[in-house]
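Data block below; observations after.
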2 protein chains.
Amino acid sequence: MEYSVQVRMNEKLFLRDPEQSELGRRIIRQGILLIDEIGFEETTFRKLADRMGTKEASIYRYFENKHRLLLYLIDWYWQWLDFQVMFETNNLTDNHEKLERVLRVLLQTNVSTPATPDDIDLVALHNIVICEASKAYLTRHVTEDNSQQLFKPYKDLTARIAALILEYRPNYPYARSQASSIIETAHYQSFFMRYLPSLTDFGGGDADASLLEFLRHLLFATLEI
Amino acid sequence: MEYSVQVRMNEKLFLRDPEQSELGRRIIRQGILLIDEIGFEETTFRKLADRMGTKEASIYRYFENKHRLLLYLIDWYWQWLDFQVMFETNNLTDNHEKLERVLRVLLQTNVSTPATPDDIDLVALHNIVICEASKAYLTRHVTEDNSQQLFKPYKDLTARIAALILEYRPNYPYARSQASSIIETAHYQSFFMRYLPSLTDFGGGDADASLLEFLRHLLFATLEI
DNA sequence: TCAAATAAGATAGCTTTACTATCAATTCAT
DNA sequence: ATGAATTGATAGTAAAGCTATCTTATTTGA
């Protein structure tokens with residue numbers, strides 16, 4: 001049977017829904033590749049248009065500006081992770097194992113979720129999240145963006161993880177902060193590991209395994225009674 | 001007796017040392033205020049020059065670009081924190097208490113360190129660190145900047161905290177990752193608390209006290225045997 | 001103390017970014 | 001086949017992010 005996971009995006013993110021046209025879909029897919037390659041600051045709609053063989057003005061018909069495009073990509077990713085967490089923890093009874101799966105999803109290692117939806121380059125997108133995601137909220141217009149629900153996917157993921165934490169350890173008083181911390185830690189420790197390794201303890205052989213071990217330690221040590 | 005704490009900056013950060021002239025010092029002090037007020041993205045050398053009653057070109061004689069100015073400010077802050085940690089833990093024998101002091105320094109609460117050095121607005125600078133610090137390293141030129149030692153103050157602070165962690169708990173395998181995590185967590189949980197509070201558990205009355213309590217919990221629970 | 005060096009002010013100008021506008025060409029839906 | 005919507009093509013504007021130059025102050029050091 002054919003199936004595909006549909007990620008339904010907040011309409012405030014775009015001017016015209018990019019999933020409804022070929023050009024729109026190419027903006028998303030090529031946008032991911034370009035931002036991954038040259039970084040968000042260096043990305044311009046002109047460069048993206050050139051790369052796609054279209055015009056700057058056409059991209060502006062879909063997205064108000066490149067910050068909105070970034071928000072779209074990041075939100076997409078959080079929604080995808082949220083789905084993956086749901087999928088990976090489904091039917092499990094062991095609450096410890098559920099949290100273990102959360103960590104693997106965050107690091108995108110050993111995840112068995114259905115293959116890449118809609119030709120999105122998940123590896124590139126994961127890299128974008130590591131390097132650029134905090135720029136989505138570290139702006140002067142956080143509050144305005146927030147009132148348009150633009151951070152809802154991130155909040156939903158945090159809430160889902162917080163709920164799993166509370167299943168594992170009822171009455172834990174910091175479920176949400178613990179959840180948002182573990183998400184953030186997973187990403188910037190990945191960044192540090194890659195670019196500023198002396199800020200981490202993951203120099204040697206299997207750095208990814210060590211990072212997973214560290215996150216496991218952080219999470220479960222704090223959830224002990 | 002008169003004394004002042006001198007923060008010696010990496011010469012790669014600037015073209016002309018801003019502490020060596022009145023104009024330079026005003027760039028730093030007014031720069032802090034402007035970035036705090038309007039945010040880093042919205043800050044331009046032209047706006048800063050107008051505010052200071054000087055010219056754009058004059059600022060360019062001190063700093064190659066605004067990213068270098070940001071790095072200067074952030075590095076200054078990390079060096080200042082490093083000093084404060086050193087000062088606050090000096091003469092203490094209780095290793096637990098030392099780490100407790102680290103947390104207070106990170107949150108800038110209940111710190112008894114000598115007053116504001118050189119008219120720097122520490123509250124504004126602390127806010128800048130919360131909102132903008134990660135932009136200092138989340139760039140395409142991390143590696144290049146790193147090779148110029150531009151992240152040394154951050155690494156030094158991390159190393160100092162890691163050393164205190166190892167004093168408290170010898171052989172702990174994640175001293176550096178734990179140190180960098182606690183620094184980052186202190187800052188973005190402050191950010192979330194202020195702008196996206198549903199990502200945290202610090203809604204109510206004394207939010208700052210709750211955040212401190214959370215950090216204490218994170219740190220000491222993971223350092224238990 | 002006077003000349004030389006240095007810093008700052010003033011003005012100009014250039015390239016790129018981040019848009020907005022317009023109109024023609026194409027495709028698409030009924 | 002006609003009208004509506006989408007894209008292409010081209011232009012243009014304001015601001016950002018610089019660099020250059022020339023003049024005027026100020027320092028400094030011989």
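Every chain is numbered from 1, with letters handed out A, B, ... down the list of sequences. Quick caveat: nothing in here was measured; it's all calculated off a predicted structure.
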Would you indicate, yes or no, if D/dA15 has its OP1 or OP2 atom less than 4.0 angstrom from a side-chain nitrogen or oxygen of B/T44? no
Interatomic distance, A/D36 atom CG to A/C131 atom SG [nearest 0.5 angstrom]: 7.5 Å
Rounded to the nearest 0.5 Å, what's the gap from CZ on B/R25 to CG on B/D119? Could you check? 10.0 Å
Option passing side chain to side chain contact (heavy atoms under 4.5 Å, CB included) with B/Y77 (candidates B/L73, B/I74, B/D75, B/L81): B/L81
Straight-line distance of B/I130 CD1 to B/Y195 OH, nearest 0.5 Å: 8.5 Å
Sequence neighbours excluded and cut-off under 3.5 Å, please list the side-chain donor-acceptor pairs for residues 203-214 of chain B, or say none.
residue, atom, partner, partner atom, Å
B/D206, OD1, B/A209, N, 3.4
B/S210, OG, B/D206, O, 3.1
B/E213, OE1, B/R216, NH1, 2.6

D/dA14 P sits how many Å from B/R46 CZ, rounded? 14 Å
Euclidean distance, atom CZ of residue B/R61 to atom P of D/dA20 [Å, nearest integer]: 12 Å
Which nucleotide wins on minimum distance to the side chain of A/A57, given the candidates D/dT10, D/dG17, D/dT7? D/dT10
Lys/Arg N to Asp/Glu carboxylate O, A/E56 vs A/R51, below 4.0 Å: no
Rounded to whole angstrom units, what separation is found between the CD1 atom of B/I59 and the P atom of D/dT19? 14 Å
Would you mind classifying the nucleic acid contact of B/R16 as base, sugar-phosphate or nothing, using non-hydrogen atoms under 4.0 angstrom? sugar-phosphate
Using a cut-off of 4.0 Å on non-hydrogen atoms, how would the nucleic acid contact of A/F63 be classed: base, sugar-phosphate, or nothing? nothing
When all nucleic acid strands are considered with a 4.0 Å heavy-atom cut-off, which category describes B/E64: base, sugar-phosphate, or nothing? sugar-phosphate
Closest nucleotide of DNA chain C for A/E41 versus for B/E22: which of these residues is on the 5' side? B/E22
Spacing of B/K66 atom NZ relative to D/dC18 atom P, expressed in whole Å: 9 Å
Cation-pi between A/R68 and A/F63: NZ/CZ under 6.0 Å from ring centre and within 45° of the ring axis? no
Between P of D/dG12 and OH of A/Y60, the distance in whole Å: 18 Å
Whole-Å gap separating C1' (D/dA16) and CD1 (B/I38): 13 Å
Give the first and the last nucleotide of DNA chain C, reading 5' to 3', that has any atom under 4.0 Å from a heavy atom of chain B. C/dA7 to C/dT11
Specify the separation, in whole Å, of atom CG of A/D17 and atom C1' of D/dT7. 17 Å
Strictly below 4.0 Å: does A/S58 bring a side-chain N or O up to OP1 or OP2 of D/dT7? no
Measure the distance from CD on B/E56 to P on D/dA16 and round it to the nearest whole Å. 9 Å
